[in-house]
Amino acid sequence: MARTYRDAGVDREEASRAVERIADAAASTATPAVLGGVGGFGALFRFDPTTHPDPVLVSSTDGVGTKLKLALALDRHDTIGIDLVNACVNDIVVCGADPLFFLDYLALGDMRAEIVETIVGGVAAGCAAAGIPLVGGETAQMPDLYRGDDYDLAGFVVGVVSRADVIDGTKVRAGDVLLGLPSTGLHTNGYTLARRVVPETIWGEPMPDGSRTIGDALLEPHRSYLDDVRILRRTLRDARSDVRALAHVTGGGWEGNVPRTLPDGLGVEVETGSWPVPAIFSLIQQRGDIADDEMFRTFNLGVGMTAVVPERSVEAALAALPDACRIGRVVDVPVGEARVRFT
């Protein structure tokens with residue numbers, strides 16, 4: 001019979017050690033807007049509304065899915081937190097928001113302070129790259145829900161945008177141009193299918209081009225588009241134009257994300273072959289004999305974010321973002337028909 005919390009599987013001493021080890025990582029991201037340090041019941045953040053006239057707060061939450069299975073199998077936990085931050089930040093970037101602060105939630109079976117430190121260190125690195133503080137979070141040991149080294153990770157971001165600068169897709173018109181910003185790989189989506197067709201037994205083998213191992217390609221961190229969007233907005237603003245819509249291509253692939261930012265009655269016609277597709281997707285498709293339409297429904301296939309801009313702004317946009325590609329156009333779509341067409 002369990003007489004103590006530790007007997008029941010919860011190690012409070014190791015949890016305290018973990019908190020001590022992650023405190024420095026969180027503190028390293030602090031900005032003058034953070035009042036107090038990590039450890040309070042709530043995080044205090046002094047928001048300056050003059051930086052964004054008529055401010056609108058934008059929030060999002062996300063996880064990293066079964067990409068965690070790769071981190072566990074490869075015993076590499078230093079980048080999974082970067083995945084988390086970038087997945088969340090990209091979701092508010094598409095609204096035109098600047099991120100303000102971040103929180104995380106880590107649930108696990110066994111409490112191992114060194115692993116916790118590595119995971120949260122990745123979160124802190126992602127926050128530092130985005131220029132925002134990691135203001136707090138929760139680390140919960142739940143051995144009855146998570147077995148052994150298993151863990152789950154979730155994040156929460158809050159940002160701000162001026163009401164006049166919100167990107168909501170309402171300005172999109174038929175004839176506008178669709179641009180694609182490249183992904184680094186799967187990002188944080190499609191791993192349940194990918195792991196079925198590309199099993200752990202071959203993750204140590206080289207990619208067909210010999211550039212790195214399959215495991216490295218699968219674990220490549222989720223790209224942040226924060227700087228890209230800032231550059232694009234500034235460039236088009238100087239040209240007296242605008243970004244009319246942005247979409248983060250995540251769970252649900254192209255069909256599940258691009259139409260979310262378009263007005264009813266509009267869709268996109270996408271020219272396949274107009275952008276480079278990372279080799280990891282070809283490997284997945286070939287090994288699994290997966291149909292093209294299923295690949296587009298599941299993966300980003302090399303485009304992690306799309307942008308809709310007016311035709312007159314394409315040249316300036318591509319000059320500002322050299323790795324972006326013109327990949328399609330906005331078209332009228334009758335009600336009930338597919339809103340993403342591939343040609």
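T118 has its side chain out of reach of E114: every pair of non-hydrogen atoms, C-beta onward, lies at least 4.5 Å apart. In this structure the side chain of V116 never reaches within 4.5 angstrom of the side chain of R21, judged on heavy atoms.
Here I82 is tied to no hydrophobic group at all, with no ILVMFWY side chain closer than 4.5 Å.
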List the atom pairs, donor and acceptor, that lie under 3.5 Å between side-chain atoms in residues 317-335 and the rest of the protein, sequence neighbours left out.
from	atom 1	to	atom 2	distance (Å)
D323	OD2	R223	NH1	3.2
D323	OD2	R223	NH2	3.2
R326	NH1	E311	OE2	3.2
R326	NH2	E311	OE1	3.0
R329	NE	E269	OE1	3.4
R329	NH2	E269	OE1	3.2

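Separating the OG atom in S59 from the CZ atom in F156 is a distance of 11.0 Å, to the nearest 0.5 Å.
Around the CG atom of D289, the shell of radius 6.0 Å holds no more than 12 heavy atoms that belong to other residues, nucleotides or ligands. Residue-environment remark: CZ (F47) exceeds the threshold of 12 foreign heavy atoms within 6.0 Å.
Considering only residues two or more places apart in sequence or on other chains, T50 meets the side chain to side chain donor-acceptor pair (under 3.5 Å) condition with D48. In this structure S16 satisfies the side chain to side chain donor-acceptor pair (under 3.5 Å) test with no other residue, sequence neighbours excluded. Listed by chain and residue number, nothing satisfies the salt bridge (Lys or Arg N to Asp or Glu O under 4.0 Å) test with D62 (two or more places apart in sequence, or in another chain).
Under the 4.5 Å side-chain heavy-atom criterion for grouping Ile, Leu, Val, Met, Phe, Trp and Tyr, V34 is not connected to L134 through any hydrophobic cluster. Under a hydrophobic clustering in which Ile, Leu, Val, Met, Phe, Trp and Tyr are joined whenever their side-chain heavy atoms come within less than 4.5 Å, directly or via other members, L219 and F299 fall into the same cluster. Connection of V93 to V64 is established within a shared hydrophobic cluster, with ILVMFWY side chains joined at heavy-atom distances below 4.5 Å, either directly or through further cluster members.
Counting only residues at least two apart or on different chains, the ring-ring contact (aromatic ring centres under 6.0 Å, His included) pairs with a member in residues 191-229 are H187-H222, H222-H248.
A donor-acceptor pair under 3.5 Å links the side-chain atoms of N300 to the main chain of G302, judged by distance alone.
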- Task: Kindly determine whether V270 and R341 satisfy side chain to side chain contact (heavy atoms under 4.5 Å, CB included), including the steps that lead there.
- Result: CA-CA 6 Å; V270 181; R341 305 172 184 170; over 6 Å; no
- Step by step, would you call T213 with M207 a side chain to side chain contact (heavy atoms under 4.5 Å, CB included)? CA-CA 5 Å; T213 67; M207 287 287 292; over 6 Å; no
- Item | Steps toward salt bridge (Lys or Arg N to Asp or Glu O under 4.0 Å) verdict (D238, R234) | CA-CA 6 Å; D238 290 345; R234 183 168 59 248; 5.6 Å; no
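Between F296 and W254, the ring planes are perpendicular. Angles over 60° get that label, and only those under 30° would be called parallel.
K67 pairs in a side-chain hydrogen bond (donor to acceptor under 3.5 Å, both in side chains) with only one of the listed residues (N189, T192, D83, T188), which is D83.
A salt bridge is absent between R230 and D228: the closest approach of a Lys/Arg side-chain nitrogen to an acidic carboxylate oxygen does not fall below 4.0 angstrom.
The two residues A30 and P133 come nearest to each other via the heavy atoms CA-CB, 4.1 Å. Between A124 and T29, the shortest heavy-atom contact is O-CG2, 3.5 Å.
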